[in-house]
Asks: 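Supplied in structure tokens, the structure appears directly below.
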Amino acid sequence: MTTVHTSGADGEDRRYLKFTGALGKLENFFNLIAATSILLLMFLAVAQVVGRNLFNQPVPGFIDFTEQAMAVFAFLGVAYCQRVGGHIRMELLLGTFKGRGLWIAEFFGVLIILFVVTILIYGSYLHFDRSWSLGDSTIDVGLPTWPSKLLVPLALSLLWLRLCLQLYGYSRLIIDPSRPLLDLPHKHDAAEHAKAEIEEAFLEEHQEGGAR
């Protein structure tokens, strides 16, 4: 889980927040597309069930559309998830570290992920390039497969940028653990978790009041 801490932020940290804010808008947009694709697939599934059972007419290419959409909702939200700390974290292990040791562990954890993601970007781009070159398409209705395969290296590249930012963020904490956390994912204790939920609830209430 992550919460933005800006108290004591200097000029360098504010530049970091400016850059991560711009990247965050792109991550939010990708995540919105992923969420929308799930909603559209739900409507498509309803049409498939209704059409097959009531009219004996299933949606043409339903399986093809579903297969291609999997790349959308499975990958486009991955950078957003990394930013907000929504992925599975070994907090049972991280909870044993304090201070600089904790940030060193976080740094090397992100570094390993960055290494793996770099390899995945290269491999997924090769799959896209092969699909593009061969004109690969689905079996049923002949949908081209290259758009969905292109989304994978694009989404992973966005994650790669987020990981680089987090490496920088954790490295500054290794050098000086007293610096603000900014938007870095970190382990919350019970008090911090409750405070974050209260602040989020107040923010949502304020936004709803403003919308009225």
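Because the structure is predicted, anything quoted here is derived from the model rather than measured.
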Asks: State, to 0.1 Å, how close Leu41 and Ala69 come at their nearest heavy-atom pair, and which atoms those are.
Replies: CD1-CB, 3.6 Å

Asks: Can you list every ring-ring contact (aromatic ring centres under 6.0 Å, His included) pair that touches residues 37-73, not counting sequence neighbours?
Replies: none

Asks: Under a plain distance cut-off of 3.5 Å, with no hydrogens placed, do Gln82 and Gln166 share a side-chain donor-acceptor pair?
Replies: yes

Asks: Suppose the criterion is side-chain hydrogen bond (donor to acceptor under 3.5 Å, both in side chains): which pairs have a residue in residues 48-64, not counting sequence neighbours?
Replies: Asp64-Thr138

Asks: Does Tyr122 sit in a hydrophobic cluster with other residues, and if so which ones, taking ILVMFWY side chains as linked at heavy-atom separations under 4.5 Å, directly or through other members?
Replies: Leu126

Asks: According to a hydrophobic-cluster definition based on side-chain heavy atoms being under 4.5 Å apart (Ile, Leu, Val, Met, Phe, Trp, Tyr only), do Tyr170 and Leu161 belong together?
Replies: yes

Asks: Please determine whether residues Leu154 and Val116 belong to a single hydrophobic cluster, defined as Ile, Leu, Val, Met, Phe, Trp and Tyr linked transitively by side-chain heavy-atom distances below 4.5 Å.
Replies: no

Asks: Please report the shortest heavy-atom distance between Val78 and Ala155, naming the atom on each side.
Replies: CG1-O, 4.2 Å

Asks: Roughly how far, to the nearest 0.5 Å, is the CG atom of Leu114 from the CD1 atom of Ile119?
Replies: 10.5 Å

Asks: Mark yes or no for whether Asp129, through its side chain, and Tyr125, through its backbone, hold a donor-acceptor pair below 3.5 Å.
Replies: no

Asks: Determine whether Trp160 and Phe128 fall in the same hydrophobic cluster, where Ile, Leu, Val, Met, Phe, Trp and Tyr are linked whenever their side-chain heavy atoms lie under 4.5 Å apart.
Replies: no

Asks: State whether the number of non-hydrogen atoms from other residues, nucleotides or ligands found under 6.0 Å of Leu39 atom CG is greater than 12.
Replies: yes

Asks: How would you list all residue pairs meeting side-chain hydrogen bond (donor to acceptor under 3.5 Å, both in side chains) that involve residues 142-155, not counting sequence neighbours?
Replies: Gln68-Ser148, Ser131-Thr145, Asp136-Thr145

Asks: Can you check whether Ile121's main-chain N or O pairs, donor with acceptor, with Ser124's side chain at less than 3.5 Å?
Replies: yes

Asks: Looking at Thr20 and Tyr16, would you say the former's side chain and the latter's main chain have a donor-acceptor pair under 3.5 Å?
Replies: no

Asks: Hey, does Val46 have a side-chain heavy atom less than 4.5 Å from the side chain of Val49?
Replies: no

Asks: Which atom names give the shortest non-hydrogen contact between Pro144 and Pro147, and what distance separates them?
Replies: O-CD, 3.4 Å

Asks: How far does CG of Leu76 sit from OG1 of Thr36, to the nearest 0.5 angstrom?
Replies: 10.5 Å

Asks: Find the distance between CG (Leu102) and CG (Leu173) and round it off to the nearest 0.5 Å.
Replies: 9.0 Å

Asks: Just to verify, what does Phe108 make a ring pair (Phe, Tyr, Trp, His ring centres under 6.0 Å) with, not counting sequence neighbours?
Replies: none

Asks: Treat each ILVMFWY residue as a node, draw an edge where side-chain heavy atoms are under 4.5 Å apart, and state whether Val117 and Leu150 are in one component.
Replies: no

Asks: Which of these passes side chain to side chain contact (heavy atoms under 4.5 Å, CB included) with Tyr80: Leu159, Leu32, Asn31?
Replies: Asn31

Asks: Which atom pair, heavy atoms only, marks the closest approach of Gly169 to Arg172?
Replies: O-CG, 2.7 Å

Asks: Is there a side-chain contact between Leu158 and Leu23, using heavy atoms and a 4.5 Å cut-off?
Replies: yes

Asks: Check whether Arg162 reaches the backbone of Arg83 with its side chain - one donor and one acceptor, N or O, closer than 3.5 Å.
Replies: no

Asks: Among all residues two or more places apart in sequence or in another chain, which pass the ring pair (Phe, Tyr, Trp, His ring centres under 6.0 Å) test with Phe75?
Replies: none

Asks: Should Val72 and Trp132 be regarded as members of a common hydrophobic cluster, given that ILVMFWY residues are connected when their side-chain heavy atoms come within less than 4.5 Å of each other, either directly or indirectly?
Replies: no

Asks: Quick one: pull up CD1 in Ile38 and CD1 in Ile33 and give me the separation to the nearest 0.5 Å.
Replies: 12.5 Å

Asks: For residues Phe107 and Ile174, determine if any side-chain heavy atom of one lies less than 4.5 Å from a side-chain heavy atom of the other.
Replies: yes

Asks: Can you find a pair of side-chain heavy atoms, one from Leu44 and one from Val59, that are under 4.5 Å apart?
Replies: yes

Asks: With a 4.5 Å limit on heavy-atom distance, are the side chains of Trp103 and Leu181 in contact?
Replies: yes

